[in-house]
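These numbers come from a predicted model, not from an experiment.
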Amino acid sequence: MRFICLLLVSLAFNSVYSQNKELSESMKRGSEVYQDFCITCHMGNGQGLEGAFPPLAKSDYLMTHRAKSIHAIKYGLQGEITVNGKKYNSAMASFGLSDEEVADVMNYITNSWGNQNEKMVTVKEVSEIKK
């Protein structure tokens, strides 16, 4: 019985460790994507530019509209959205990112600046988001 308990604890630890390691690696790659494509509008601290570019830091939209957020990064965004109670109506270009780059940058921004994402964004999930 003790062996089974130790085995279960070990499996749970290894699963969490593996996911945390995978998430950390994805976030590192996502940070690089963010630096290359996102920082100009959303700033280094994720605060955006009030009235023009919405914040990603502590963003209710980002955290409650997961598929729409993935879609915006993958295909761009036009039209009004409300983030943290403020309306934004500017355009976000499509940068032609791969599904892996979209997943990585989503993992980075949904786990930075006060955001915490319980479920890692995967390449498979991104690939299922269609225009």
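- With a 4.5 Å cut-off on side-chain heavy atoms, M106 and L62 count as touching.
- In the hydrophobic clustering of ILVMFWY residues, with side-chain heavy atoms under 4.5 Å counting as a link, L77 and I73 come out together.
- Remark: side-chain polar atoms of D60 are paired, donor with acceptor, to backbone N or O of N84 under 3.5 angstrom.
- Neither F95 nor V123 shares a network with the other; the hydrophobic side chains, linked directly or stepwise wherever heavy atoms of I, L, V, M, F, W or Y lie under 4.5 Å apart, form separate groups for each.
- A pairwise comparison of heavy atoms in G114 and K58 identifies CA-CG, 4.0 Å as the closest pair.
- Cluster annotation: L49 and V83 are assigned to distinct hydrophobic clusters (Ile/Leu/Val/Met/Phe/Trp/Tyr, side-chain heavy-atom contacts under 4.5 Å, transitive).
- A donor-acceptor pair is defined here as one N or O able to donate and one able to accept, closer than 3.5 Å; no such pair exists between the side chain of S26 and the backbone of E22.
- Note on M92: it clusters hydrophobically with Y108, by side-chain heavy-atom contacts below 4.5 Å among ILVMFWY residues.
- For residues 78-99, the pairs satisfying salt bridge (charged side-chain N to carboxylate O under 4.0 Å, His left out) are E50-K86, K74-D99, E80-K87, with sequence neighbours left out.
- Counting heavy-atom neighbours within 6.0 Å of E25 CD, excluding the residue itself, gives a total above 12.
- The CD atom of Q35 lies 9.5 Å from the OG1 atom of T40; values are rounded to the nearest 0.5 Å.
- Remark: side-chain polar atoms of N107 are not paired, donor with acceptor, to backbone N or O of G30 under 3.5 angstrom.
- Note: H42 and F53 have perpendicular aromatic rings, judged against thresholds of 30 and 60 degrees for the angle between ring planes.
- Taking every heavy atom of both residues into account, S112 and M27 meet most closely at OG-CE, 4.4 Å.
- Classified by interplanar angle (parallel below 30°, tilted 30° to 60°, perpendicular above 60°), the ring pair Y75/H71 is tilted.
- In this structure, A57 and W113 approach most closely via the heavy-atom pair CB-CB, 3.4 Å.
- Judged by distance alone, the side chain of N117 and the main-chain N or O of N111 form no donor-acceptor pair under 3.5 Å.
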Using salt bridge (charged side-chain N to carboxylate O under 4.0 Å, His left out), reason through E128 and K124 one step at a time and then give a plain yes or no. CA-CA 6 Å; E128 293 171 352; K124 181 180 184 304; 2.5 Å; yes

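- The structure places CD of E125 at 4.0 Å from CZ of R66, a figure rounded to the nearest 0.5 Å.
- To the nearest 0.5 Å, the span separating CE on M43 from SG on C38 amounts to 11.5 Å.
- Across all their heavy atoms, Y34 and I109 have their closest contact at CD1-CG2, 3.8 Å.
- Between T82 and Y61 the shortest heavy-atom distance is O-CD1, 3.7 Å.
- Residues F37 and V102 share a hydrophobic cluster, clusters being chains of Ile/Leu/Val/Met/Phe/Trp/Tyr side chains in contact below 4.5 Å.
- Residues T110 and M63 come closest through the heavy atom pair O-CE, 3.9 Å.
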